[in-house]
Engineer: 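Could you have a look at this structure, given as structure tokens, before my questions?
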Amino acid sequence: MKVKFTLTMDDVVINSQRLDNIILDWEEEVDQEQVMELSQKWITSKNFLTTRMVGLTHVGESSLTIEPVD
């Protein structure tokens, strides 16, 4: 199935530069199991973003929205 991911991050520090807000969105083909796995990792990992994004050292608040695409 095709889904749209929207990642919103507030109070971000990337390569020592502070940013108020970043919004990334993308569409991807994934199955239900992949969506559940990603959701679980997002909920349980405190450093989910900083371990995956080069230069990202701080995120104040963040949210990930996953929506099916028609």
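Just so it is clear, the values below take in all heavy atoms, side chains as well, and ignore hydrogens, waters and symmetry mates. Treat the numbers as computed from the prediction; the structure is a model and nothing was measured.
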Engineer: When rounded to the nearest 0.5 angstrom, what is the spacing between OG1 in Thr57 and CG in Asn15?
Structural biologist: 8.0 Å

Engineer: Could you tell me the separation between the CG atom of Leu19 and the CG atom of Asn21, rounded to the nearest 0.5 Å?
Structural biologist: 9.0 Å

Engineer: Can you establish whether the number of heavy atoms outside Met1 located under 6.0 Å from its atom CE is more than 12?
Structural biologist: yes

Engineer: Pair Val3, Gln34 - check side chain to side chain contact (heavy atoms under 4.5 Å, CB included), show working.
Structural biologist: CA-CA 11 Å; Val3 297; Gln34 290 171 308; over 6 Å; no

Engineer: Give me the atom names and distance for the closest heavy-atom approach of Trp42 to Ser63.
Structural biologist: CZ2-C, 3.6 Å

Engineer: Taking the side chain as every heavy atom from C-beta outward, state whether Met9 and Leu24 have any atom pair closer than 4.5 Å.
Structural biologist: yes

Engineer: So, Ser45 versus Asn47: side-chain donor-acceptor pair below 3.5 Å or not?
Structural biologist: yes

Engineer: If the plane angle is over 60° it's perpendicular, under 30° parallel, otherwise tilted; pick one for Phe5 and Trp26.
Structural biologist: parallel

Engineer: Hydrophobic clustering (ILVMFWY, side-chain heavy atoms < 4.5 Å, transitive) - are Val59 and Val13 grouped together?
Structural biologist: no

Engineer: Between Gln17 and Ile14 (side chain of the first, backbone of the second, donor and acceptor by atom type, cut-off under 3.5 Å), is there such a pair?
Structural biologist: no

Engineer: For a side chain to side chain contact (heavy atoms under 4.5 Å, CB included) check, start with the C-alpha distance between Glu61 and Thr8, then their side-chain angles and the critical distance, and finish with the verdict.
Structural biologist: CA-CA 8 Å; Glu61 297 281 330; Thr8 304; over 6 Å; no

Engineer: When you look at Leu7 and Met53, which way does the side chain to side chain contact (heavy atoms under 4.5 Å, CB included) test go after all the steps?
Structural biologist: CA-CA 13 Å; Leu7 173 60; Met53 295 184 177; 3.5 Å; yes

Engineer: Would you sort out whether Leu38 and Val30 count as a side chain to side chain contact (heavy atoms under 4.5 Å, CB included), showing the intermediate values?
Structural biologist: CA-CA 10 Å; Leu38 180 61; Val30 293; over 6 Å; no

Engineer: What is the distance from atom CD1 of Ile22 to atom CG of Leu56, rounded to the nearest 0.5 Å?
Structural biologist: 7.5 Å

